[in-house]
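For the numbers below, each heavy atom of this structure counts, side chains included, while hydrogens, waters and symmetry mates do not. Numbers restart at 1 for each chain; the letters A, B, ... are given by sequence-line order, proteins then strands.
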4 protein chains.
Amino acid sequence: MMEARTARGRPRNSAIDARILGATREALARGGYHAVSMEAVAHAAGVGKQSLYRRWPRKPLLVFDAAFGGPIGDRAFAVDTGSLAGDIGAVLTDLEHLFAHRATTDVMRGILADALGEADTLQQLRERFMWPRLHLLDALIERGRARGEVGPNVTVQNVADTLLGAMLGHYLIIGRTSGTFASELARIVARGVSVRR
Amino acid sequence: MMEARTARGRPRNSAIDARILGATREALARGGYHAVSMEAVAHAAGVGKQSLYRRWPRKPLLVFDAAFGGPIGDRAFAVDTGSLAGDIGAVLTDLEHLFAHRATTDVMRGILADALGEADTLQQLRERFMWPRLHLLDALIERGRARGEVGPNVTVQNVADTLLGAMLGHYLIIGRTSGTFASELARIVARGVSVRR
Amino acid sequence: MMEARTARGRPRNSAIDARILGATREALARGGYHAVSMEAVAHAAGVGKQSLYRRWPRKPLLVFDAAFGGPIGDRAFAVDTGSLAGDIGAVLTDLEHLFAHRATTDVMRGILADALGEADTLQQLRERFMWPRLHLLDALIERGRARGEVGPNVTVQNVADTLLGAMLGHYLIIGRTSGTFASELARIVARGVSVRR
Amino acid sequence: MMEARTARGRPRNSAIDARILGATREALARGGYHAVSMEAVAHAAGVGKQSLYRRWPRKPLLVFDAAFGGPIGDRAFAVDTGSLAGDIGAVLTDLEHLFAHRATTDVMRGILADALGEADTLQQLRERFMWPRLHLLDALIERGRARGEVGPNVTVQNVADTLLGAMLGHYLIIGRTSGTFASELARIVARGVSVRR
DNA sequence: TTGTAACCGAGACGGTACGTCACGTCTTAAT
DNA sequence: ATTAAGACGTGACGTACCGTCTCGGTTACAA
């Protein structure tokens, strides 16, 4: 997941990446985010701490990669039902499934906990993981606008931020349980952005 | 901020509360959330650590009280413009002003950072500080429903969560700058919950 | 165990003394010296800390009283077999029985641990508990001298200190197990102080 | 004072050992045992607490090393005058000089105070510092036995324990001042263990 | 009878040090 | 240049007791 190689000196052993990610996932499964420490991961993976930091300079980035890396999650944003309301509903339903697992929200809270405490780590988390996915959401809404389903005075990015932001805020922070949140959010926003009839 | 006194044993000295909050605010002003440590606050306030932990068992609770305690912030939710759209707009405008200050968001991120990392601390933060304010928001929307401005199939709590959650998610986590977020969010939600015409 | 009463004000409730000592013994039985803290004793005895400190100003004094108070231990030094060697042997045998119990040595070590850390507490422990018993030992040796069993150039107090000191040092500090220590010590000293034949 | 190096990972920096010991001695000189806290030592030595605990896991061990470490004190037990009585007298005279300084006994009492309160710390103190020195004493008495100066029914270790134990008990615990204790103890024991003439 | 003084349970208070944890950087020797 | 190992400085954590103090209230003797 890291940048290009410079081809000087001993090359990186990519098997190590896998061992690190595996050890991280194992720790997550065993004791949640709390059980993950850079030290513990390095030790469990049989890897020096330096080798770990060389690849993932901060814990939240490592854990995000281990837990949600690869195309996982991207899928949620890559739908096309033919209508804006359908797309938004599909996306939020997928996210709802994700947020339904206690283990998942625990990991997300942990990642956020560490990232929010360090400005630059938060920024990296955004750029590497959050914004790319948001761009998919932007595109989805943009498609709706092209179909004439979005009214004027509506900024695409604000809609995307509303959708993802509300999900994050509701599930990770506010914590008032509600079985209908995702679907109602989808309905309210879909109706709220639509052109006046 | 504490509960009723049972009148047994030596009563708490409320002057100490003030000294602690003062020291906390001073630290916040000096170096942001990062400059606040229970240790430093206790020392600066000339207070034993125990006296501090007796009142605020975790740092996020202390800092929230120091920064946003009292009726501050409550005011934002206690508006009554006569229409749901007006109320929502007013609330979000107020919150927008709050979130506009870097110092404020820094403190909020710090509080969240520490609270998200500890399940029970997060729960206390919710119960003591977030939910009471959310209840004001619930009431505001409930008022709109009583006036017939809210459609069926809309749960009051979900709307409130959407409003606050989206603000938190957008400003504290997602971090894509947008000068229009709050007002658009207000408009989208206000229109989204309204009865069909 | 305290000094004379001044007869002004409300008199002490002697039932409280008993409750405190009982709670202390209970704690000792439950978790050894480590389980005894002034706070815990006060709470378990249903007694204010002040009432406790009024009677026993330091923990070691309390614990000594609770564990070895009363005439216990005095008995060990109050023997009279008719010969110095017999007396010394009897005393050390008694002490050996005392030191044989792990629970006893644990308590003694705890008392010493706290007393050695505070000069004035150590001094009180000596004056109240150790020296009175040593005086009995002095008297015992003095009796031997009167019978002509002790050589010149032998100071009574030094002999008593040797006997008790060696027992304390061996059992509480040095900790090399030996089933024969007390009896050999008795023999060595008895012979060592005797007049030359 | 530490064990062999395994040559894996970054090696310990022995200059740090010296800085820690130096800071400890300085604190001892300034305010006695009471002035030594792991926290203060680490700070004064410009060293992390971890580096301190890595080398000396408990305070008494550190302080003993700083105050009596190295060959100091060993010398006291390494005499050879040609006779058992001479050897015992020489050793006790040396120890008497050591115990004569208030600063020394203060440090010893502090070490004991903390060590007696924790079983495993006491055990380490014994194994690292006390028993090795006792073994020298054992050897000294063994030499006397080889020369035929020690009677039967006398266990070498018991004699050594008697000598050291009585010194510790008398000077550190009992505290009855006596200018003749060490020399009389030497005489009594030397005569007490000798073969009957 | 009333005052005054010491008692009592409870628990707040300032203080001190503890030992632990994890961070992210660094120093080795070896590959 | 990378690797495994692990030492290093840093900083804060939350806990545990200490011995003193401040409450409201009680009990007994003396005036």
For C:M130, all residues meeting side chain to side chain contact (heavy atoms under 4.5 Å, CB included), sequence neighbours excluded |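 C:M130: side chain to side chain contact (heavy atoms under 4.5 Å, CB included) contacts with C:R126, D:I173, D:I174.
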
Residues passing the side chain to side chain contact (heavy atoms under 4.5 Å, CB included) test with C:T104, sequence neighbours excluded, are C:F68, C:L98, C:H101, C:M108

Upstream residue (5' side of DNA chain E) when B:I16 and D:K49 are each assigned their closest nucleotide | B:I16

In this structure, how many angstroms lie between the [atom2] atom of [N] and the [atom1] atom of [X], rounded?
{"X": "A:K59", "N": "E:dG24", "atom1": "NZ", "atom2": "C1'", "result": "13 Å"}
{"X": "B:L52", "N": "E:dA12", "atom1": "CG", "atom2": "C1'", "result": "14 Å"}
{"X": "C:L61", "N": "F:dG19", "atom1": "CG", "atom2": "C1'", "result": "14 Å"}

Tell me which nucleotide among E:dG9, E:dG19, F:dC17 gets nearest to the side chain of B:Q50.
-> F:dC17

For the side chain of D:R55, starting at C-beta, report the closest nucleotide among E:dC8, F:dT10, F:dA7.
-> F:dA7

In numerical order, the residues of residues 107-124 of chain A whose heavy atoms come under 4.0 Å of DNA chain E are none

Nucleic acid contacts - residues 24-46 of chain C versus DNA chain E, non-hydrogen atoms under 4.0 Å |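 Correct list: C:G46.
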
Please identify each residue that fulfils ring-ring contact (aromatic ring centres under 6.0 Å, His included) with C:F129, with sequence neighbours left out.
-> C:F64

Mind checking ring-ring contact (aromatic ring centres under 6.0 Å, His included) for B:Y33 and listing every partner two or more places apart, or none if nothing turns up?
->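 Scan of B:Y33 (ring-ring contact (aromatic ring centres under 6.0 Å, His included), adjacent residues dropped) gives none.
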
Tell me which of D:N13 and B:R58 sits closer to the 5' end of DNA chain F, going by the nucleotide each one is nearest to.
->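 In this pair, the answer is D:N13.
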
5'-most contact on DNA chain F: D:R19 or B:Y53, nearest heavy atom basis?
-> D:R19

Phosphate OP1/OP2 of [N]: any [X] side-chain N/O under 4.0 Å:
{"X": "B:R10", "N": "E:dG9", "result": "no"}
{"X": "A:R54", "N": "F:dT3", "result": "yes"}
{"X": "B:S51", "N": "E:dA12", "result": "no"}

Mind checking the CG-CG spacing from D:L125 to D:D65? Nearest 0.5 Å is all I need.
-> 10.0 Å

Determine whether more than 12 heavy atoms belonging to other residues, nucleotides or ligands lie under 6.0 Å from atom CD of C:E26.
->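 Open: at most 12 neighbouring heavy atoms sit under 6.0 Å from CD of C:E26.
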
Cut-off 3.5 Å, no hydrogens considered: what does the side-chain donor-acceptor table look like for residues 38-52 of chain D, sequence neighbours left out?
from: D:E39; atom 1: OE2; to: D:K49; atom 2: NZ; distance (Å): 3.2

Set of salt bridge (Lys or Arg N to Asp or Glu O under 4.0 Å) partners for D:D114, sequence neighbours left out |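 Once residues adjacent in sequence are excluded, the partners of D:D114 under the salt bridge (Lys or Arg N to Asp or Glu O under 4.0 Å) criterion are D:K59.
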
Taking only residues two or more places apart in sequence, or in another chain, which ones meet B:E127 in a side chain to side chain donor-acceptor pair (under 3.5 Å)?
->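 Scan of B:E127 (side chain to side chain donor-acceptor pair (under 3.5 Å), adjacent residues dropped) gives B:Q123.
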
